[in-house]
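A short worksheet on the structure shown next.
Worth saying up front: this structure is predicted, and the values here are computed from it rather than measured. Letters A, B, ... mirror the listed sequences (proteins, then strands); counts begin at 1.
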Number of protein chains: 2
Amino acid sequence: MTASTVQGRDPASLRRHNLRTLLRHLHLQGATSRVRLGEVTGLTRSTIADLVGELAERGLAVETGSSRPQSGRGRPPMIVSPREETAYVLAVSVDVDTIGIGRVGLGGTLLEESEARHERGPGDPAASVSQLVRLIHAEVEPFEHAPLAVGIAVPGLVRAEDGVVTRAPNLGWRELNLAERLRDELRFTGPIVIGNEARLAALAEHRRGAGRDCADLVYVSAGVGVGGGIVTHDRLLTGSTGYAGEVGHMITNPGGRSCHCGGRGCWETEIGADALLSQVGVVAPTNRHTALEELFAGAERSDPEVLEAFRRMCPPVAVGLANLVNVFDPRRVLLGGWLRLMLRHTGEELRTALDQLRGLPELPADLRTARFGEQGRLLGAAEAAVSGFLAELR
Amino acid sequence: MTASTVQGRDPASLRRHNLRTLLRHLHLQGATSRVRLGEVTGLTRSTIADLVGELAERGLAVETGSSRPQSGRGRPPMIVSPREETAYVLAVSVDVDTIGIGRVGLGGTLLEESEARHERGPGDPAASVSQLVRLIHAEVEPFEHAPLAVGIAVPGLVRAEDGVVTRAPNLGWRELNLAERLRDELRFTGPIVIGNEARLAALAEHRRGAGRDCADLVYVSAGVGVGGGIVTHDRLLTGSTGYAGEVGHMITNPGGRSCHCGGRGCWETEIGADALLSQVGVVAPTNRHTALEELFAGAERSDPEVLEAFRRMCPPVAVGLANLVNVFDPRRVLLGGWLRLMLRHTGEELRTALDQLRGLPELPADLRTARFGEQGRLLGAAEAAVSGFLAELR
DNA sequence: ATGATTTGTAAGAGGTAAAAACAAATTTGC
DNA sequence: GCAAATTTGTTTTTACCTCTTACAAATCAT
């Protein structure tokens, strides 16, 4: 993400700004009539016609003579739609064991998706990088047009100013300029945007999920660890080093156990997978993943033991949520991972615990389940890629 | 704060944008040569000349044939300065017992300041409003020109979208549209911006204080209560109801005492004035204010008993700071109120407590004392007023 | 004093969007 | 069916803003 200097200076930048506004609207709202575009942007019919013409020429939009339903009388309007065939981004989700790739059209629909085992070298990102290059090439190969941009979700810290992955402990990466390495090996000149997976999942929820209408949003997802992302003023929080929104390391129990981050009493140690599993009597499982799957399955069939475990977890979960709500004052709080199950099955208890902790009954927190599960990070990577493309649009 | 629709649409809005950019630069950076303005904005000499001409005509800027020191050879540049005499804002700080008013010139200097006892009615804001009107009129009276805007700091919750004071318990206000009431009684058509005092103090630190170069900033001030404000991406956080940044009600001790907010274990109950005073053996003082003054005086002369109290307060203070740092990842943390004294006298202990709690030694928190004390909220109100003026600039 | 350098000024050109006038497509009313 | 009303698209003209270019002014270096 290169820091764009000034928004608008000369007439040309004014046009870029208007083109961007139109494209962003098409991406987020989908097919829109020309007239509606005019109302939204404040531009006149003639200007809209001109701008849309340019978008069509560039292969970013298509105009279709109005589709079916005729609402008023007058001449039926022309409908402008994002052109997914030629205008798409590539979304990549790098995980510890797998790499997911998706092609997402302008407009936000996931056109294709594929997954591969992540063949990574010990501590050395070289193997990962070259596998990424192969996978991306394979994904783009069948299509005539190159992607507009590439977005990559990574389980690690990403410095906002330059997109460098400063630390990804689970991958063994440190200070890796992934975008630069990929740009060199990929022969791709468009924007390559890197982001933390949880932050990108939050972005996906904000743009297309359960937080579409919320300018201020807190997203928390509990799995093995506790990740999250925060949107304020319709923007994803990054902080000065990309650590912002790393809610798992709030200190919710100052006297608690020490955390792998080096801190003490982190939320993650209180409500992470191990804490949850210990509530059903599973301590130090041989395979944490399958143990969790079993627990989740138990929740689905309303196993009383599992529900009781959820109930006992409500207070520590509520402490963290109370903190977040009291500091960020979000319009909505979205819960992912197994917190979704908790909200669904023992939501009443969770809300009660939260209300008791934080007071302010006239400003109740709006807890909801996140819309996307595993797919969130991929969709978020796509959204970040689109934003990157729009930012660099010339 | 009326939500401005689009940034730039037509050529006229482009000019407005450029005028705004120039004015903002002059306000924040002070006198600047024309050439430098061109470098900063990317505009050409001729355009700068034109724009500066308009600013001068409007009484917002003055051009002075270059002052003294000649650096290079060529023709000496013309210097553009904000014109404080005609371009100023009014800053107001409404407090429980006093009302402070200041005249702040474009450029940020406090030109005059005055204070009056706050004569408020019981629960009814009418008396306060009419006193504000009188004080503001008296302040503006001697000057030919009306202020560009008015900014008001209030000890209460201010809804960001419409500037309504939703709750100010210490004043007995609820759902008060202060801006509207003042606009009617004041016969003033310019922007009137209302903000929470702690948030505005944070803004002042960001724009002119100890956080000038920080896009991400956490400000915490402890007095009787614990207030704060948070800046991210160079913007003040407001949240959906203006509660964002109300750090005193983070829950730092889930098992702690109940707080007046209705919550439990709030940071404010852990590190507020009463908690601090109890550390020096003062419980339920007859006059909390004078007891605090005494304690602070003790700190100034390094009274060992007071320093020991500070030391004992380090852990609970550190818990809240660790939370904030881990969630916001700020470039810097600014401490106000008596936390300034704590940092100055027992900073070593505070930093140690913080580091032990939060781990991440490679991302150390940068704790600093805030620059402004009581004056911060007034200067912040002025900054908010200038922002309001720039936003409404036509 | 002369040339180099930097900055200010003025006139003309280019690009962008708005305004106005007109054309096209559809519904409504008869 | 046909005309009027309505809405939208298209074309032309106009206005605005900034840039480019050329030239003038003010200072320093030699």
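- Atom-to-atom, CG of A/Asp10 to P of C/dT16 comes out at 9 Å; the value is rounded to the nearest Å.
- The separation between B/Glu63 atom CD and C/dT7 atom P is 15 Å, rounded to whole Å.
- For the pair A/Leu14 CG and C/dG14 C1', the interatomic distance rounds to 14 Å; values are reported in whole Å.
- Checking the phosphate oxygens (OP1, OP2) of D/dT18, a side-chain nitrogen or oxygen of B/Arg15 falls inside 4.0 Å.
- In terms of position on DNA chain C, the residue among A/Arg45 and A/Pro11 whose nearest nucleotide sits closer to the 5' end is A/Pro11.
- Not one side-chain nitrogen or oxygen of A/Asn18 sits closer than 4.0 Å to the OP1 or OP2 atom of C/dT16.
- Look at A/Arg16 and you won't find any side-chain N or O under 4.0 angstrom from OP1 or OP2 of C/dA17.
- Within residues 46-56 of chain A, the residues having any heavy atom under 4.0 Å from DNA chain C are, by residue number, A/Ser46, A/Thr47.
- In this structure the side chain of A/Val89 never reaches within 4.5 angstrom of the side chain of A/Val150, judged on heavy atoms.
- One interatomic measurement links the two molecules: CE of A/Met78 to P of C/dT26, which rounds to 11 Å at whole-angstrom precision.
- Distances from the side chain of B/Thr44 to the nucleotides C/dG8, D/dT20, D/dT8 place D/dT20 closest.
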Expected rows: protein N/O vs nucleotides 3-6 of chain C N/O, under 3.5 Å:
from, atom 1, to, atom 2, distance (Å)
C/dT6, O2, B/Arg75, N, 2.9

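- The backbone N or O of A/Ala149 lies less than 3.5 Å from no partner atom in the side chain of A/Tyr88, so there is not a single donor-acceptor pair.
- Remark: C1' of D/dC17 and CG of B/Leu22 are 14 Å apart, rounded to the nearest angstrom.
- In DNA chain D, the stems built from three or more successive Watson-Crick or G-U pairs (distances below 3.5 Å) are C:1-30 with D:1-30.
- Not one N or O on the side chain of A/Thr47 forms a donor-acceptor pair closer than 3.5 Å with the backbone of A/Leu43.
- A donor atom on one side chain and an acceptor atom on the other are found under 3.5 Å apart for B/His27 and B/Glu383.
- In this structure the side chain of B/Glu63 never reaches within 4.5 angstrom of the side chain of B/Ile79, judged on heavy atoms.
- With 3.5 Å as the limit, one finds a donor-acceptor pair spanning the side chains of A/Ser13 and A/Asp10.
- Between atom CZ of residue B/Arg58 and atom CG of residue B/Leu148 there is a gap of 11.0 Å, rounded to the nearest 0.5 Å.
- Here the C1' atom of nucleotide D/dT7 and the CZ atom of A/Arg34 are 14 Å apart, to the nearest Å.
- Ion pair B/Asp216/B/Arg332 not flagged as a salt bridge, since none of the NZ, NE, NH1 or NH2 atoms sits closer than 4.0 Å to an Asp/Glu carboxylate oxygen.
- At a threshold of 4.0 Å, the pair B/Arg15-B/Asp50 counts as salt-bridged, since one of the basic side-chain nitrogens sits closer than that to a carboxylate oxygen.
- For CD of A/Gln29, the number of neighbouring non-hydrogen atoms (other residues, nucleotides, ligands) closer than 6.0 Å is greater than 12.
- With a 6.0 Å cutoff to the six-membered ring centre and a 45° limit on the axis angle, B/Arg208 does not count as a cation-pi contact of B/Phe372.
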